[in-house]
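Read the structure below first, then the notes.
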Amino acid sequence: MTKNTAVIRENFWERNKKSGGFLLKKQAKKVSVSVIRAVLLFGMCFMILQPILNKISISFMAEEDLYNSMVISIPEHFTTANYQLANQFMDYWKTLGNTTLISITIAFLQILVCTVVGYGFARFEFPFKKFWFACVMLTIIIPPQTISTSLYLHFRFFDILGIFKLLTGNTLNLRGSVLPYYLMSAGCMGLKNGLYIYMIRQFFRNIPKDIEEAAYVDGCGTLRTFLQIMLPDAKPILTSCFLFAFVWQWTDGVYSKMFLGNMKLLSTQLTQIGEKLSNYLMYTLGEPSGASVGYTQCIVSTGTLMVILPLLVLYLFAQKGFVESLSSTGIKM
Amino acid sequence: MKKVKKLKGLRKRNAISGYLFILPFIVGFLAFMVKPFFQSLYMSFCNVELGAGSFKMGFAGIANYLRAFTVDTEFNRLLAEEIWRMSYNALAIMVFSFFVALVLNQKFKGRAFVRAVFFLPVILSSGVILGIEYDNSLLASVQDTIQQSTGNASITGVIEEILMTSGIGGEVFDIVFEIVDGVYDVAIASGIQIIIFLSGLQTISASMYEAAEIDGCTKWESLWKITFPMISPLFLVNWIYTIVDFCMRSDNAVIEKISDTMIVDLNYGFASAMSWIYFLVVILIIGISSLIISKGVYYYD
């Protein structure tokens with residue numbers, strides 16, 4: 001092999017001459033394309049990563065470094081005080097536990113239900129199927145803000161067909177408990193659930209009909225076909241959907257604020273961190289002016305880093321699960 | 001005769017199991033979507049008053065809608081601005097993600113890493129974190145003044161100034177500059193779209209390109225004659241996804257105005273009316289644009 005390449009290289013100019021300059025042109029084109037590509041990709045990767053790197057360097061800076069125009073990315077006074085403060089404001093470990101618990105259970109429930117529903121849409125023919133699927137699409141398009149008011153009132157005066165009012169004489173106040181959100185997840189109305197149904201349906205549709213028929217001939221019932229034949233095949237797409245549900249639940253602000261307001265979650269705590277810093281400086285340390293813009297920014301960056309760090313670790317290990325299986329579904333209209 | 005009857009039975013059983021499978025969705029949809037949906041529609045025609053422990057609704061006709069269009073000073077402007085911003089951003093996202101998918105589909109060293117980086121924003125810049133990034137406008141203005149006072153002009157800034165003073169088509173350049181300035185936003189918003197395009201590109205069989213090359217087709221021609229038609233269905237998917245994604249973002253000015261009206265002013269009726277207008281406009285845009293795009297979509301099989 002090496003001898004071969006050596007010979008080719010030796011003959012390069014000769015061969016180039018024979019081909020009338022074509023070989024050199026081709027070679028130059030190849031090299032220049034890869035150089036341009038490398039530069040472009042490096043630039044774009046840097047652009048995406050830069051804010052994260054920037055946050056990391058800011059999070060280790062002392063307050064005076066922020067205003068020092070000589071300090072750009074390497075802190076002069078290296079400190080971990082920001083992390084301690086952010087930890088204190090967010091009550092980090094407890095909040096992390098809460099968030100993990102909520103995200104895992106919600107994601108699991110959502111994917112469980114969405115799998116069943118997606119399978120139903122993919123493999124069965126029934127009347128009004130188009131209509132119901134249009135409803136799924138509708139749930140993707142409606143912004144949650146449109147219905148949030150009435151949902152709020154719905155759970156404030158919760159009742160199922162007037163049963164509770166009959167029994168206890170009053171409606172239930174489910175506001176401030178986690179129950180509504182679990183109920184909604186069980187009914188496929190959680191965050192982006194329509195999208196998961198769509199993705200899972202797309203996957204199941206691509207499985208050939210013959211498998212199902214063979215199972216039917218062998219005496220396998222509908223439920224058993226689903227559990228023992230279809231589900232094991234669908235593992236990659238289900239993992240992928242689970243990871244999405246987990247991550248989006250983790251960072252979600254709208255639903256968390258609406259239904260889980262009383263619970264300390266990373267996403268809701270993070271939005272309040274600037275305010276807490278100001279309060280802390282004013283009332284605990286007795287500084288009259290509160291927090292400066294730069295310092296607030298610094299603490300917010302630190303908090304953001306602490307929130308996304310678990311996700312980053314997850315992504316490093318499960319990157320294949322996110323990307324590869326999503327591309328295997330063959331999404332189409 | 002018997003055979004037909006049996007098939008009918010099977011079909012019926014199929015229908016029943018189908019309905020059993022999608023039952024959770026139907027229940028959830030009826031309980032948590034239909035009722036709030038119509039309630040908010042009704043609310044948009046009402047004056048809602050919140051009292052202690054209860055709420056009263058008085059029918060007010062189309063007063064809330066009239067107020068949104070004629071009285072409120074911000075709503076029309078915000079709506080128009082958001083839609084305008086959405087249309088050119090969505091276009092930029094489509095072009096960008098298609099281009100990146102083309103590049104990432106080639107073979108080179110470190111491809112897995114680059115793919116991972118491009119997908120990273122889907123995970124990290126979602127939900128509240130995106131909102132926090134945008135809250136930093138105050139800091140950005142501080143940085144701007146620092147930069148101006150130290151005299152460090154950015155390259156794009158200089159080019160912008162030169163082109164602006166030369167006086168060639170100011171309007172068009174404005175949009176171009178806004179896209180260039182917002183290329184980070186575009187890159188961050190196109191993670192999913194890149195993956196979808198990439199998955200489409202990988203399904204095109206290599207033999208097609210080979211045949212074209214043997215027939216003397218250049219790379220440029222095969223891009224337009226093979227790649228483009230083959231993944232055109234994905235343009236539709238991506239377009240709809242991009243628009244929906246854009247409308248749902250919490251940094252959207254219209255959405256912000258609606259939540260402010262709801263939470264700060266406690267004016268539920270007016271907020272519902274505004275969100276309904278917004279919702280209808282978005283549906284209209286999606287409908288019209290997908291109708292236009294689907295005319296040009298080519299299905300191979």
Side-chain angles (χ1 to χ4, degrees), chain A residues 34 37 40-41 44-45 47-49 69 113 116-117 119-121 124-127 132 135-136 139-143 145-147 149-151 153-154 184 186-189 197 222 247-248 251-254 267 270-271 293-294 297 300 304 307-308 311 315 319 322-323 326-327 330-333, chain B residues 14-15 17-19 21-22 24-29 31-33 35-37 39-40 43 55 103 108 114-121 123-124 126-129 131-132 136 138-139 142 184 187 195-196 198-199 202-203 233 236-237 244 247-248 250 255 258-259 262 268 271-272 275 279 283:
Chain A
S34 61
R37 185 172 59 203
L40 260 180
L41 286 180
M44 289 195 276
C45 285
M47 182 178 72
I48 292 171
L49 290 178
S69 57
V113 181
V116 173
V117 174
Y119 182 75
F121 274 118
F124 297 104
E125 285 304 322
F126 47 86
W132 289 116
C135 290
V136 174
T139 60
I140 301 181
I141 300 172
I142 297 174
Q145 283 86 354
T146 313
I147 55 162
T149 340
S150 18
L151 267 183
L153 295 171
H154 189 53
M184 282 181 66
C188 295
M189 291 299 132
I197 294 179
T222 312
V247 166
W248 279 333
T251 56
D252 165 62
V254 179
S267 54
L270 184 61
T271 49
V293 179
Q297 165 71 10
V300 168
T304 313
V307 170
I308 64 176
L311 298 181
Y315 184 59
Q319 189 252 332
F322 278 107
V323 182
L326 185 69
S327 55
I331 291 167
K332 246 185 225 155
M333 247 338 186
Chain B
N14 243 341
S17 10
Y19 264 104
F21 268 99
I22 68 160
F25 173 76
I26 295 176
V27 172
F29 187 74
F32 303 123
M33 190 57 84
K35 196 186 160 206
F37 194 62
Q39 197 172 23
S40 96
M43 222 183 251
F55 64 99
V103 173
F108 55 89
V114 176
R115 265 193 214 183
V117 169
F118 273 104
F119 199 64
L120 199 62
I123 289 153
L124 297 186
S126 52
V128 281
I129 293 165
I132 283 171
N136 293 345
L138 190 61
L139 186 86
V142 171
Y184 174 69
I195 296 289
I196 291 176
L198 206 54
S199 69
Q202 279 163 358
T203 56
L236 187 61
V237 177
V244 169
C247 299
M248 301 286 212
S250 45
I255 293 274
I258 292 169
S259 346
M262 204 179 279
Y268 289 106
S272 300
S275 53
F279 173 64
I283 289 265

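Lettering of chains follows the sequences in order, A, B, ..., and the numbering in each one begins at 1.
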**Asked** Should A/Phe126 and B/Ser17 be marked as a side-chain contact (heavy atoms from CB on, under 4.5 Å) after you check the CA-CA gap, both sets of side-chain angles, and the distance that decides it?
**Response** CA-CA 9 Å; A/Phe126 47 86; B/Ser17 10; over 6 Å; no

**Request:** Using non-hydrogen atoms and a 4.5 Å limit, figure out which bit of A/Val116 sits close to chain B: side chain, backbone, both or neither.
**Result:** both

**Prompt:** Under the side-chain contact (heavy atoms from CB on, under 4.5 Å) criterion, do B/Phe21 and A/Thr222 qualify, and how do the steps go?
**Reply:** CA-CA 10 Å; B/Phe21 268 99; A/Thr222 312; 4.0 Å; yes

**Request:** Let me know if A/Phe121 has heavy atoms under 4.5 Å from chain B in its side chain, its backbone, both or neither.
**Result:** both

**Asked** How close do A/Pro127 and B/Tyr19 get, heavy atom to heavy atom, and via which atoms?
**Response** O-OH, 2.7 Å

**Request:** Below 4.5 Å from any heavy atom of chain B, which atoms of A/Leu40 appear? Answer side chain, backbone, both or neither.
**Result:** side chain

**Request:** Quick one: do A/Asp252 and A/Ser267 satisfy side-chain contact (heavy atoms from CB on, under 4.5 Å)? Show the steps, please.
**Result:** CA-CA 6 Å; A/Asp252 165 62; A/Ser267 54; 5.7 Å; no

**Request:** Output, in order, the C-alpha distance, side-chain angles, deciding distance and verdict of side-chain contact (heavy atoms from CB on, under 4.5 Å) for B/Phe119 and B/Val114.
**Result:** CA-CA 9 Å; B/Phe119 199 64; B/Val114 176; over 6 Å; no

**Complete:** If one checks every heavy atom of A/Ile197 against chain B at 4.5 Å, the contacting part turns out to be side chain

**Message:** In the structure I gave you, are the side-chain heavy atoms of B/Val103 and B/Phe118 within less than 4.5 Å of one another anywhere?
**Reply:** no

**Item:** Contact winner vs chain A - B/Ile258, B/Ile283, B/Val244, B/Leu120, heavy-atom pairs under 4.5 Å
**Value:** B/Leu120

**Contact origin within B/Phe279 toward chain A - heavy atom pairs under 4.5 Å** = side chain

**Part of A/Met184 within contact of chain B (heavy atom distance under 4.5 Å)** = both

